[in-house]
Amino acid sequence: MTPPPEPQYPAPQYPQTPPQYPQAAQYPQTPPQYPQAAQFPQAPRYPQAPQPPHPHPHPHPHPHPHPHPHPHPHELRFEQRRVHISEHQRGADGTAVSSLLLYVPNFLCSLLVVGLVAACLGPLGIVLVVAWLASGALVFHRPTERLIARRLLKLRPPTPQESARLVPVWQEVIARAGIEAHTYELWVEDSHDLNAVAAAGHIVGVTRFSIEQLPSGQLAAVLAHELGHHVGGHTWSSLLGYWYALPGRIAWNLMLIFAWIALQVSRVFSWIGPVFVAFVLGLVAFAAVGFLYGLPLLVLVVPYLLAAVGRRAEYHADRQAAALGFAPMLVEVLGRMQATERHAAAVAAASGRPVKRQGTLDRLLSSHPDHHARLNRLLPYLRPPA
């Protein structure tokens, strides 16, 4: 038996063309643009290190006005400049010479007193007179000046914090004036008043209040005013005259005490005793006036003349500060002092306390002119140049 034939299967029909696959994705030719890095603010400003505590027990709540965001218009910039050194670091203007001449009667009276004391010492008397005459040189002796500053004027050297504030201002003043830095010394007075002082031959003192509260320009004006006293010779001439007049002043005070005691004792002898004492004192005074050719009579008017010379010296010192460019600042300082005085008078009047008014004699004996007069003298320096 024959097997059946195998079935014939049709051949599969494959496509004539290869299958079309999707093309690859077309990516951009340029690299992608990524967003820029975020802009952060500038580095934060951290607060400065705290300042060391104030060396004094009761510091003012606002020790320095200049660090405020809006500085005072009178703050100095301390620009570097070429410094011209003056040929004469100090001198003697007409005010200083007038002061010395006015002290001549006092000097002669003192010389008479020292001579009488020297006559009692025998051969050693001449040594006393020479030593007294030579003692005037101590006015320019720096250790003696420092002793005067500490003991009599109650001044002290500035602290490091005060020097950091004071020295740059002082250097600006002396640079404008052409003064060498070592010529004068800065001292500080522990006071809450706006004030400064020029003393002896090299001392410039300023209050702690002025250092802490005044803008640098106004502080410079105050220091320039005191420098004017030194440059004009006002300080050493007045101190020299006062020193040589001291023996006469002591003798005069002793005579007044003796006269008072004699009058008190003479009252025991009814009215005859006081008359006799007055007669004896009159004879002594008449003999002294005749012996010194009337010079002791000038002693009675010398205080008024010296006060007038002192007022003139203040005007000269103001002009010195104005000539250095500190006239607007000095006007502000004087106006502030004037307002303080008026406020104090108003407070005293409101509280019922008596307000002391300056009489004619008080004005004549005052060594400082009133603030109004000083402000008027500074007006020409405030006008713009023509």
Would a single hydrophobic cluster contain both Val113 and Val104, if residues Ile, Leu, Val, Met, Phe, Trp and Tyr are joined by side-chain heavy-atom contacts under 4.5 Å? no

According to a 4.5 Å side-chain heavy-atom criterion applied to Ile, Leu, Val, Met, Phe, Trp and Tyr, with indirect links allowed, do Val231 and Tyr315 form part of one hydrophobic cluster? no

Under a 3.5 Å cutoff, is there a donor and acceptor pairing between the side chains of Glu314 and His225? yes

Exercise answer: donor-acceptor pairs, residues 320-336 side-chain atoms, under 3.5 Å, sequence neighbours excluded:
none

Can you find a heavy atom in the side chain of Leu361 that is under 4.5 Å from one in the side chain of Tyr304? yes

With ring centroids as reference points, do Trp132 and Phe107 lie under 6.0 angstrom apart? yes

Where is the tightest heavy-atom contact between His230 and Ala199, given as atom of each residue plus distance? CE1-O, 3.4 Å

Could you tell me whether the side chain of Phe140 reaches within less than 4.5 Å of the side chain of Trp236, counting heavy atoms only? yes

Does the pair Asp318 and Arg377 meet the rule for a salt bridge (Lys or Arg N to Asp or Glu O under 4.0 Å), with working shown? CA-CA 8 Å; Asp318 286 346; Arg377 296 290 187 99; over 6 Å; no

For the residue pair Arg374 and Pro369, what are the closest heavy atoms and their distance? CG-CG, 3.6 Å

Please tell me whether Thr95 and His316 have a donor and an acceptor in their side chains that are separated by less than 3.5 angstrom. yes

Do Arg150 and Glu145 sit within salt-bridge range, that is, some charged N less than 4.0 Å from a carboxylate O? no

Give a yes or no on whether a salt bridge exists between Arg165 and Glu212, defined as a side-chain N under 4.0 angstrom from a carboxylate O. no

Do other residues, nucleotides or ligands put more than 12 heavy atoms under 6.0 Å from the CZ atom of Arg342? no

